[in-house]
Trainee: 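If you scroll down you'll find the structure; I have some questions about it.
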Number of protein chains: 2
Amino acid sequence: MKNENETFTIGKLAERAGVNVETVRFYERKGLIQKPQNSIGYRKYPNSDAAKIKFIKKTQELGFTLKEAKELLELRVNKAAKCSSVKNKTDLKIKEVAEKINDLQKIKNTLIKLSESCSNKDVSVTECPIIESFEEIK
Amino acid sequence: MKNENETFTIGKLAERAGVNVETVRFYERKGLIQKPQNSIGYRKYPNSDAAKIKFIKKTQELGFTLKEAKELLELRVNKAAKCSSVKNKTDLKIKEVAEKINDLQKIKNTLIKLSESCSNKDVSVTECPIIESFEEIK
DNA sequence: CTTTACTCCGTACCATTGTACGGGGTTTAT
DNA sequence: ATAAACCCCGTACAATGGTACGGAGTAAAG
(Lines give C-alpha, C1' and ligand atoms only; values in the text may rest on other atoms or scores of the structure.)
Protein backbone atom coordinates (compact mmCIF):
# COMPACT_ATOMS: atom_id res chain seq x y z
CA MET A 1 0.00 0.00 0.00
CA LYS A 2 2.86 2.32 -0.69
CA ASN A 3 4.11 1.54 -4.14
CA GLU A 4 0.49 1.27 -5.15
CA ASN A 5 0.04 5.00 -5.07
CA GLU A 6 3.33 5.90 -6.62
CA THR A 7 3.01 8.28 -9.53
CA PHE A 8 5.19 8.84 -12.53
CA THR A 9 6.09 11.65 -14.82
CA ILE A 10 5.45 11.07 -18.47
CA GLY A 11 9.06 10.12 -19.09
CA LYS A 12 9.15 7.48 -16.38
CA LEU A 13 5.81 6.11 -17.45
CA ALA A 14 6.91 5.84 -21.06
CA GLU A 15 10.07 4.08 -19.99
CA ARG A 16 8.18 1.59 -17.82
CA ALA A 17 5.70 0.90 -20.58
CA GLY A 18 8.39 0.64 -23.24
CA VAL A 19 7.03 3.35 -25.47
CA ASN A 20 7.93 6.81 -26.61
CA VAL A 21 6.84 9.83 -24.59
CA GLU A 22 5.01 11.09 -27.63
CA THR A 23 3.06 7.87 -27.76
CA VAL A 24 1.74 8.51 -24.26
CA ARG A 25 0.64 11.97 -25.28
CA PHE A 26 -0.92 10.52 -28.40
CA TYR A 27 -2.90 7.96 -26.39
CA GLU A 28 -4.00 10.73 -24.08
CA ARG A 29 -5.30 12.77 -26.98
CA LYS A 30 -7.16 9.72 -28.20
CA GLY A 31 -8.71 9.16 -24.79
CA LEU A 32 -7.02 5.82 -24.16
CA ILE A 33 -5.44 7.05 -20.99
CA GLN A 34 -6.76 9.87 -18.89
CA LYS A 35 -4.92 13.11 -18.54
CA PRO A 36 -4.22 13.36 -14.85
CA GLN A 37 -5.75 16.62 -13.74
CA ASN A 38 -4.40 16.49 -10.21
CA SER A 39 -1.16 18.21 -10.96
CA ILE A 40 -0.74 21.69 -12.21
CA GLY A 41 2.28 21.74 -14.41
CA TYR A 42 3.69 18.27 -14.88
CA ARG A 43 1.39 15.32 -15.25
CA LYS A 44 1.51 12.61 -12.64
CA TYR A 45 0.41 9.20 -13.85
CA PRO A 46 -0.78 6.37 -11.65
CA ASN A 47 1.31 3.22 -11.91
CA SER A 48 -1.62 1.37 -13.42
CA ASP A 49 -1.18 3.39 -16.60
CA ALA A 50 1.99 1.48 -17.45
CA ALA A 51 0.03 -1.78 -17.50
CA LYS A 52 -2.66 -0.08 -19.50
CA ILE A 53 -0.20 0.97 -22.18
CA LYS A 54 1.32 -2.50 -22.27
CA PHE A 55 -2.15 -3.91 -22.68
CA ILE A 56 -2.81 -1.56 -25.59
CA LYS A 57 0.41 -2.68 -27.24
CA LYS A 58 -0.56 -6.32 -26.83
CA THR A 59 -3.99 -5.80 -28.31
CA GLN A 60 -2.45 -4.14 -31.32
CA GLU A 61 -0.28 -7.16 -31.93
CA LEU A 62 -3.47 -9.17 -31.79
CA GLY A 63 -5.18 -7.21 -34.53
CA PHE A 64 -7.23 -4.77 -32.52
CA THR A 65 -7.31 -1.11 -33.45
CA LEU A 66 -6.79 1.62 -30.89
CA LYS A 67 -10.52 2.21 -30.96
CA GLU A 68 -11.12 -1.42 -30.08
CA ALA A 69 -8.46 -1.31 -27.38
CA LYS A 70 -10.33 1.64 -25.92
CA GLU A 71 -13.56 -0.35 -25.93
CA LEU A 72 -11.86 -3.21 -24.12
CA LEU A 73 -10.42 -0.86 -21.53
CA GLU A 74 -13.81 0.64 -20.94
CA LEU A 75 -15.43 -2.69 -20.14
CA ARG A 76 -16.03 -2.51 -16.46
CA VAL A 77 -18.83 -2.48 -13.99
CA ASN A 78 -19.42 0.57 -11.91
CA LYS A 79 -22.29 2.67 -10.75
CA ALA A 80 -22.40 4.56 -14.02
CA ALA A 81 -22.52 1.48 -16.23
CA LYS A 82 -25.49 -0.83 -16.29
CA CYS A 83 -24.47 -4.40 -15.70
CA SER A 84 -26.56 -5.76 -18.53
CA SER A 85 -25.00 -3.41 -21.03
CA VAL A 86 -21.50 -4.29 -19.92
CA LYS A 87 -22.31 -7.97 -20.11
CA ASN A 88 -23.63 -7.63 -23.63
CA LYS A 89 -20.57 -5.79 -24.84
CA THR A 90 -18.27 -8.19 -23.04
CA ASP A 91 -19.93 -11.24 -24.51
CA LEU A 92 -19.55 -9.76 -27.97
CA LYS A 93 -15.86 -9.23 -27.37
CA ILE A 94 -15.51 -12.77 -26.12
CA LYS A 95 -16.92 -13.98 -29.40
CA GLU A 96 -14.52 -11.83 -31.38
CA VAL A 97 -11.57 -13.08 -29.38
CA ALA A 98 -12.68 -16.69 -29.71
CA GLU A 99 -12.84 -16.27 -33.47
CA LYS A 100 -9.35 -14.88 -33.59
CA ILE A 101 -8.10 -17.81 -31.55
CA ASN A 102 -9.85 -20.14 -33.93
CA ASP A 103 -8.32 -18.54 -37.01
CA LEU A 104 -4.87 -18.55 -35.47
CA GLN A 105 -5.29 -22.18 -34.63
CA LYS A 106 -6.02 -22.95 -38.27
CA ILE A 107 -2.92 -21.10 -39.35
CA LYS A 108 -0.89 -22.86 -36.70
CA ASN A 109 -2.12 -26.27 -37.83
CA THR A 110 -1.22 -25.52 -41.41
CA LEU A 111 2.22 -24.34 -40.38
CA ILE A 112 2.76 -27.46 -38.32
CA LYS A 113 1.85 -29.62 -41.28
CA LEU A 114 4.25 -27.64 -43.42
CA SER A 115 7.02 -27.99 -40.89
CA GLU A 116 6.44 -31.73 -40.69
CA SER A 117 6.34 -32.21 -44.42
CA CYS A 118 9.61 -30.39 -44.39
CA SER A 119 11.19 -32.77 -41.94
CA ASN A 120 10.17 -35.82 -43.88
CA LYS A 121 11.75 -36.53 -47.18
CA ASP A 122 8.42 -36.48 -48.95
CA VAL A 123 8.72 -32.87 -49.95
CA SER A 124 5.56 -30.95 -50.59
CA VAL A 125 5.55 -28.83 -53.69
CA THR A 126 2.31 -27.01 -53.07
CA GLU A 127 2.53 -23.60 -54.59
CA CYS A 128 1.40 -21.88 -51.43
CA PRO A 129 0.35 -24.22 -48.64
CA ILE A 130 -0.62 -21.50 -46.22
CA ILE A 131 -3.63 -20.27 -48.14
CA GLU A 132 -5.24 -23.62 -47.50
CA SER A 133 -5.64 -22.58 -43.87
CA PHE A 134 -9.01 -21.06 -44.55
CA GLU A 135 -10.29 -23.34 -47.23
CA GLU A 136 -13.07 -25.72 -46.43
CA ILE A 137 -12.04 -29.31 -46.16
CA LYS A 138 -13.80 -31.04 -49.01
CA MET B 1 -10.20 -29.99 -63.43
CA LYS B 2 -12.05 -27.30 -65.24
CA ASN B 3 -12.90 -24.65 -62.73
CA GLU B 4 -9.42 -25.10 -61.36
CA ASN B 5 -7.85 -23.27 -64.25
CA GLU B 6 -10.45 -20.58 -64.55
CA THR B 7 -8.96 -17.10 -64.60
CA PHE B 8 -10.40 -13.78 -63.56
CA THR B 9 -10.05 -10.19 -64.51
CA ILE B 10 -9.08 -7.85 -61.73
CA GLY B 11 -12.67 -6.79 -61.19
CA LYS B 12 -13.96 -10.36 -60.78
CA LEU B 13 -11.06 -11.25 -58.54
CA ALA B 14 -11.65 -8.25 -56.30
CA GLU B 15 -15.33 -9.11 -56.09
CA ARG B 16 -14.63 -12.73 -55.16
CA ALA B 17 -12.09 -11.67 -52.56
CA GLY B 18 -14.32 -8.95 -51.18
CA VAL B 19 -11.89 -6.12 -51.73
CA ASN B 20 -11.51 -3.05 -53.87
CA VAL B 21 -9.89 -3.32 -57.29
CA GLU B 22 -7.32 -0.79 -56.14
CA THR B 23 -6.43 -3.04 -53.24
CA VAL B 24 -5.53 -5.82 -55.66
CA ARG B 25 -3.28 -3.47 -57.58
CA PHE B 26 -1.77 -2.29 -54.32
CA TYR B 27 -0.99 -5.85 -53.21
CA GLU B 28 0.54 -6.48 -56.60
CA ARG B 29 2.82 -3.48 -56.26
CA LYS B 30 3.82 -4.75 -52.83
CA GLY B 31 4.61 -8.18 -54.22
CA LEU B 32 1.91 -10.00 -52.25
CA ILE B 33 0.32 -11.32 -55.38
CA GLN B 34 2.09 -11.83 -58.65
CA LYS B 35 1.29 -9.78 -61.69
CA PRO B 36 0.15 -12.35 -64.22
CA GLN B 37 2.41 -11.89 -67.19
CA ASN B 38 0.56 -14.29 -69.44
CA SER B 39 -1.88 -11.79 -70.82
CA ILE B 40 -0.99 -8.80 -72.85
CA GLY B 41 -3.51 -6.12 -72.03
CA TYR B 42 -5.83 -7.24 -69.27
CA ARG B 43 -4.46 -9.24 -66.37
CA LYS B 44 -5.79 -12.74 -65.85
CA TYR B 45 -5.58 -13.98 -62.30
CA PRO B 46 -5.66 -17.62 -61.22
CA ASN B 47 -8.54 -18.50 -58.94
CA SER B 48 -6.12 -19.20 -56.12
CA ASP B 49 -5.44 -15.48 -55.83
CA ALA B 50 -8.88 -14.92 -54.33
CA ALA B 51 -8.03 -17.26 -51.47
CA LYS B 52 -4.68 -15.56 -51.14
CA ILE B 53 -6.28 -12.16 -50.72
CA LYS B 54 -8.75 -13.53 -48.20
CA PHE B 55 -5.85 -15.03 -46.31
CA ILE B 56 -4.10 -11.67 -46.27
CA LYS B 57 -7.22 -10.03 -44.89
CA LYS B 58 -7.48 -12.64 -42.16
CA THR B 59 -3.88 -12.24 -41.13
CA GLN B 60 -4.37 -8.52 -40.83
CA GLU B 61 -7.22 -9.06 -38.43
CA LEU B 62 -4.86 -11.22 -36.45
CA GLY B 63 -2.26 -8.52 -36.08
CA PHE B 64 0.12 -9.36 -38.88
CA THR B 65 1.42 -6.64 -41.15
CA LEU B 66 1.41 -6.97 -44.92
CA LYS B 67 5.10 -7.70 -44.74
CA GLU B 68 4.44 -10.57 -42.36
CA ALA B 69 1.57 -11.82 -44.50
CA LYS B 70 4.01 -11.91 -47.39
CA GLU B 71 6.44 -13.95 -45.34
CA LEU B 72 3.71 -16.42 -44.48
CA LEU B 73 2.69 -16.71 -48.10
CA GLU B 74 6.25 -17.37 -49.11
CA LEU B 75 6.64 -20.32 -46.76
CA ARG B 76 6.75 -23.28 -49.06
CA VAL B 77 9.03 -26.02 -50.13
CA ASN B 78 10.20 -26.14 -53.70
CA LYS B 79 13.34 -26.74 -55.62
CA ALA B 80 14.54 -23.20 -55.05
CA ALA B 81 14.03 -23.22 -51.29
CA LYS B 82 16.12 -25.33 -49.01
CA CYS B 83 13.98 -27.45 -46.75
CA SER B 84 15.92 -26.61 -43.63
CA SER B 85 15.55 -22.90 -44.18
CA VAL B 86 11.83 -23.21 -44.72
CA LYS B 87 11.49 -25.33 -41.62
CA ASN B 88 13.37 -22.81 -39.52
CA LYS B 89 11.23 -19.93 -40.68
CA THR B 90 8.07 -21.95 -40.28
CA ASP B 91 8.93 -22.99 -36.76
CA LEU B 92 9.53 -19.36 -35.86
CA LYS B 93 6.13 -18.44 -37.20
CA ILE B 94 4.53 -21.25 -35.27
CA LYS B 95 5.99 -19.80 -32.10
CA GLU B 96 4.68 -16.36 -32.94
CA VAL B 97 1.24 -17.71 -33.64
CA ALA B 98 1.23 -19.77 -30.46
CA GLU B 99 2.07 -16.67 -28.47
CA LYS B 100 -0.77 -14.76 -30.03
CA ILE B 101 -3.14 -17.57 -29.17
CA ASN B 102 -1.83 -17.55 -25.63
CA ASP B 103 -2.32 -13.81 -25.23
CA LEU B 104 -5.80 -13.96 -26.70
CA GLN B 105 -6.64 -16.75 -24.32
CA LYS B 106 -5.63 -14.56 -21.39
CA ILE B 107 -7.82 -11.76 -22.63
CA LYS B 108 -10.66 -14.17 -23.19
CA ASN B 109 -10.36 -15.57 -19.67
CA THR B 110 -10.43 -12.09 -18.21
CA LEU B 111 -13.47 -11.20 -20.26
CA ILE B 112 -15.25 -14.36 -19.18
CA LYS B 113 -14.57 -13.54 -15.55
CA LEU B 114 -15.91 -10.05 -16.13
CA SER B 115 -19.00 -11.37 -17.82
CA GLU B 116 -19.63 -13.77 -14.97
CA SER B 117 -19.10 -11.17 -12.29
CA CYS B 118 -21.63 -9.18 -14.22
CA SER B 119 -24.22 -11.92 -14.11
CA ASN B 120 -23.89 -12.39 -10.40
CA LYS B 121 -25.10 -9.75 -8.06
CA ASP B 122 -21.68 -9.37 -6.50
CA VAL B 123 -20.67 -6.53 -8.75
CA SER B 124 -17.02 -5.93 -9.39
CA VAL B 125 -15.90 -2.36 -9.14
CA THR B 126 -12.41 -2.81 -10.45
CA GLU B 127 -11.36 0.35 -12.20
CA CYS B 128 -10.25 -1.49 -15.30
CA PRO B 129 -10.40 -5.27 -15.02
CA ILE B 130 -9.04 -5.94 -18.45
CA ILE B 131 -5.55 -4.69 -17.81
CA GLU B 132 -5.14 -7.53 -15.35
CA SER B 133 -5.00 -9.90 -18.31
CA PHE B 134 -1.27 -9.56 -18.59
CA GLU B 135 -0.35 -9.12 -15.00
CA GLU B 136 1.41 -11.89 -13.21
CA ILE B 137 -0.68 -13.73 -10.69
CA LYS B 138 0.92 -12.96 -7.37
C1' DC C 1 21.18 29.94 -8.05
C1' DT C 2 22.54 28.23 -12.11
C1' DT C 3 22.83 24.35 -15.08
C1' DT C 4 20.87 20.29 -16.72
C1' DA C 5 17.26 17.44 -17.53
C1' DC C 6 12.77 17.04 -17.99
C1' DT C 7 8.00 18.63 -19.28
C1' DC C 8 4.47 21.43 -21.83
C1' DC C 9 2.01 22.34 -26.16
C1' DG C 10 1.14 22.94 -30.94
C1' DT C 11 2.27 21.59 -35.16
C1' DA C 12 4.62 19.18 -38.78
C1' DC C 13 6.11 15.11 -40.56
C1' DC C 14 6.30 9.94 -41.32
C1' DA C 15 5.06 4.85 -42.64
C1' DT C 16 1.54 1.73 -43.56
C1' DT C 17 -2.44 0.50 -45.87
C1' DG C 18 -5.25 1.56 -48.71
C1' DT C 19 -8.84 4.72 -52.07
C1' DA C 20 -9.94 7.89 -55.57
C1' DC C 21 -9.28 10.18 -59.99
C1' DG C 22 -8.79 10.72 -64.74
C1' DG C 23 -7.30 10.20 -69.37
C1' DG C 24 -6.74 6.70 -72.13
C1' DG C 25 -7.28 1.70 -74.28
C1' DT C 26 -10.10 -2.82 -74.57
C1' DT C 27 -14.00 -5.92 -74.50
C1' DT C 28 -18.66 -7.12 -74.77
C1' DA C 29 -23.34 -6.57 -75.76
C1' DT C 30 -26.64 -4.64 -78.62
C1' DA D 1 -19.90 -0.42 -85.20
C1' DT D 2 -21.10 1.99 -81.39
C1' DA D 3 -22.14 2.38 -76.40
C1' DA D 4 -21.50 0.58 -71.92
C1' DA D 5 -18.65 -1.49 -68.99
C1' DC D 6 -14.33 -2.72 -67.79
C1' DC D 7 -9.14 -2.39 -67.45
C1' DC D 8 -4.48 0.20 -67.62
C1' DC D 9 -1.28 3.33 -65.31
C1' DG D 10 0.38 7.11 -62.74
C1' DT D 11 -0.47 10.00 -59.28
C1' DA D 12 -2.90 12.27 -55.54
C1' DC D 13 -5.39 11.95 -51.34
C1' DA D 14 -6.83 9.80 -46.84
C1' DA D 15 -7.00 7.37 -42.20
C1' DT D 16 -4.48 5.23 -38.62
C1' DG D 17 -0.82 5.21 -35.47
C1' DG D 18 2.60 7.22 -34.29
C1' DT D 19 7.42 10.45 -34.18
C1' DA D 20 10.00 14.66 -34.34
C1' DC D 21 10.73 19.57 -33.53
C1' DG D 22 11.21 23.71 -31.09
C1' DG D 23 10.40 27.40 -28.04
C1' DA D 24 9.11 28.04 -23.42
C1' DG D 25 8.33 26.70 -18.61
C1' DT D 26 9.60 23.68 -14.44
C1' DA D 27 12.18 20.64 -11.32
C1' DA D 28 16.24 18.79 -9.40
C1' DA D 29 21.10 18.50 -8.45
C1' DG D 30 25.44 20.45 -7.55
Side-chain angles (χ1 to χ4, degrees), chain A residues 6-47 49-50 52-74 96 100 103, chain B residues 6-47 49-50 52-74 96 100 103:
Chain A
E6 204 181 340
T7 61
F8 302 94
T9 62
I10 196 167
K12 302 277 183 203
L13 178 68
E15 191 186 355
R16 279 172 67 95
V19 300
N20 196 305
V21 167
E22 310 294 334
T23 304
V24 177
R25 299 211 316 118
F26 179 72
Y27 286 174
E28 213 173 83
R29 286 204 295 280
K30 292 290 174 181
L32 284 152
I33 57 179
Q34 279 56 56
K35 183 175 193 161
Q37 71 285 54
N38 53 319
S39 61
I40 300 163
Y42 288 9
R43 286 180 265 250
K44 294 289 181 185
Y45 295 92
N47 56 2
D49 276 350
K52 210 168 192 174
I53 291 168
K54 283 185 195 165
F55 175 82
I56 294 166
K57 283 295 167 192
K58 280 281 187 189
T59 61
Q60 285 186 305
E61 285 171 25
L62 300 171
F64 294 97
T65 63
L66 284 189
K67 191 162 167 275
E68 289 168 328
K70 189 160 182 275
E71 286 166 12
L72 285 170
L73 288 170
E74 282 165 357
E96 271 179 53
K100 277 180 197 278
D103 285 342
Chain B
E6 204 179 341
T7 60
F8 302 95
T9 61
I10 196 167
K12 301 279 183 202
L13 177 68
E15 191 186 358
R16 276 171 69 95
V19 300
N20 196 305
V21 167
E22 310 294 334
T23 304
V24 177
R25 298 211 317 117
F26 178 71
Y27 286 173
E28 213 173 81
R29 285 204 293 282
K30 291 292 171 181
L32 284 152
I33 57 180
Q34 279 57 55
K35 183 176 191 162
Q37 69 287 53
N38 53 321
S39 61
I40 302 162
Y42 289 10
R43 286 181 266 250
K44 294 289 181 183
Y45 295 91
N47 55 3
D49 276 350
K52 210 168 192 174
I53 292 168
K54 283 184 195 165
F55 174 82
I56 294 166
K57 284 295 167 194
K58 279 280 186 190
T59 60
Q60 286 186 305
E61 287 170 25
L62 300 170
F64 294 97
T65 63
L66 284 190
K67 192 160 166 278
E68 289 168 328
K70 190 160 181 274
E71 287 166 12
L72 284 170
L73 288 169
E74 281 163 358
E96 273 179 52
K100 276 180 197 277
D103 286 342

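Note that the structure is a prediction, hence the values are computed from the model and not measured. So that the names make sense, note that chain A is the first sequence line, chain B the second, and so on, each numbered from 1.
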Trainee: Under the side chain to side chain donor-acceptor pair (under 3.5 Å) test against A:Glu28, which residue among A:Gln34, A:Arg43, A:Lys35 passes?
Mentor: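 Testing A:Glu28 for a side chain to side chain donor-acceptor pair (under 3.5 Å) against A:Gln34, A:Arg43, A:Lys35 leaves exactly one candidate, A:Arg43.
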Trainee: What is the distance, rounded to the nearest whole Å, between atom CZ of B:Arg43 and atom C1' of C:dT27?
Mentor: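 After rounding, the reported distance stands at 16 Å.
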Trainee: How far does CD of A:Glu71 sit from OG1 of A:Thr65, to the nearest 0.5 angstrom?
Mentor: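 Output value for this atom pair is 7.0 Å.
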Trainee: Between B:Val21 and B:Arg25, which has a closest nucleotide on DNA chain D that is more 5'?
Mentor: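 Comparing both residues, the 5'-ward one is B:Val21.
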Trainee: Determine whether a donor-acceptor pair (N or O, by modelled atom type, separation under 3.5 Å) exists between the side chain of B:Lys44 and the backbone of B:Pro36.
Mentor: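 No, because the side chain of B:Lys44 does not come within donor-acceptor range (under 3.5 Å) of the backbone of B:Pro36.
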Trainee: If only side-chain N and O atoms of A:Lys35 are considered, is one of them under 4.0 Å from the OP1 or OP2 phosphate oxygen of C:dT7?
Mentor: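 So the side-chain polar atoms of A:Lys35 never come under 4.0 Å of the phosphate oxygens OP1 or OP2 of C:dT7.
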Trainee: Taking A:Asp103 as the fixed residue, which of B:Lys54, B:Lys57, B:Lys58 is the one that meets the salt bridge (Lys or Arg N to Asp or Glu O under 4.0 Å) rule?
Mentor: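 Answer to the salt bridge (Lys or Arg N to Asp or Glu O under 4.0 Å) test with A:Asp103 among B:Lys54, B:Lys57, B:Lys58: B:Lys58.
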Trainee: Hey, what do you get for CD (A:Glu15) to OG1 (A:Thr9), rounding to the nearest 0.5 Å?
Mentor: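 If I round to the nearest 0.5 Å, the distance is 9.0 Å.
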Trainee: Sort me out a list of protein N/O and nucleotides 16-19 of chain D N/O pairs below 3.5 Å, or just none if empty.
Mentor:
from	atom 1	to	atom 2	distance (Å)
D:dG17	OP1	A:Leu66	N	3.1
D:dG18	OP1	A:Lys57	NZ	2.6
D:dG18	OP2	A:Tyr27	OH	2.8
D:dG18	OP2	A:Gln60	OE1	3.1
D:dG18	OP2	A:Gln60	NE2	2.5
D:dT19	OP2	A:Thr23	OG1	2.4

Trainee: With a 3.5 Å distance limit and no angle check, can you tell me whether B:Lys100 reaches the backbone of B:Leu62 through a side-chain donor-acceptor pair?
Mentor: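 Present.
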Trainee: Quick one: list whatever passes side chain to side chain contact (heavy atoms under 4.5 Å, CB included) with B:Glu96, sequence neighbours left out.
Mentor: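 Here the qualifying residues are B:Phe64, B:Glu68, B:Lys93.
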Trainee: Establish, with yes or no, whether the OP1 or OP2 oxygen of C:dC6 is under 4.0 angstrom from a side-chain nitrogen or oxygen of A:Thr9.
Mentor: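 Negative; the distance criterion is not met.
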Trainee: In whole angstroms, how far is the P atom of C:dT7 from the CZ atom of A:Phe8?
Mentor: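 The distance from CZ of A:Phe8 to P of C:dT7 comes to 13 Å, rounded to the nearest Å.
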Trainee: Sugar-phosphate atoms are those with a prime plus P, OP1 and OP2; base atoms are the rest. Using that split, label each nucleotide of nucleotides 24-30 of chain D B, S or - for protein heavy atoms under 4.0 Å, 5' to 3'.
Mentor: -BBS---
Trainee: Provide, to the nearest angstrom, the distance between the NZ atom belonging to B:Lys12 and the P atom belonging to C:dT26.
Mentor: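 Rounded to the whole Å, the gap is 20 Å.
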Trainee: Calculate the interatomic distance between A:Glu61 atom CD and C:dT16 atom C1'; express it in whole Å.
Mentor: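 About 17 Å, once rounded to whole Å.
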Trainee: Look at atom CD of A:Glu74 and say whether more than 12 heavy atoms of other residues, nucleotides or ligands are closer to it than 6.0 Å.
Mentor: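 Count over threshold, so yes.
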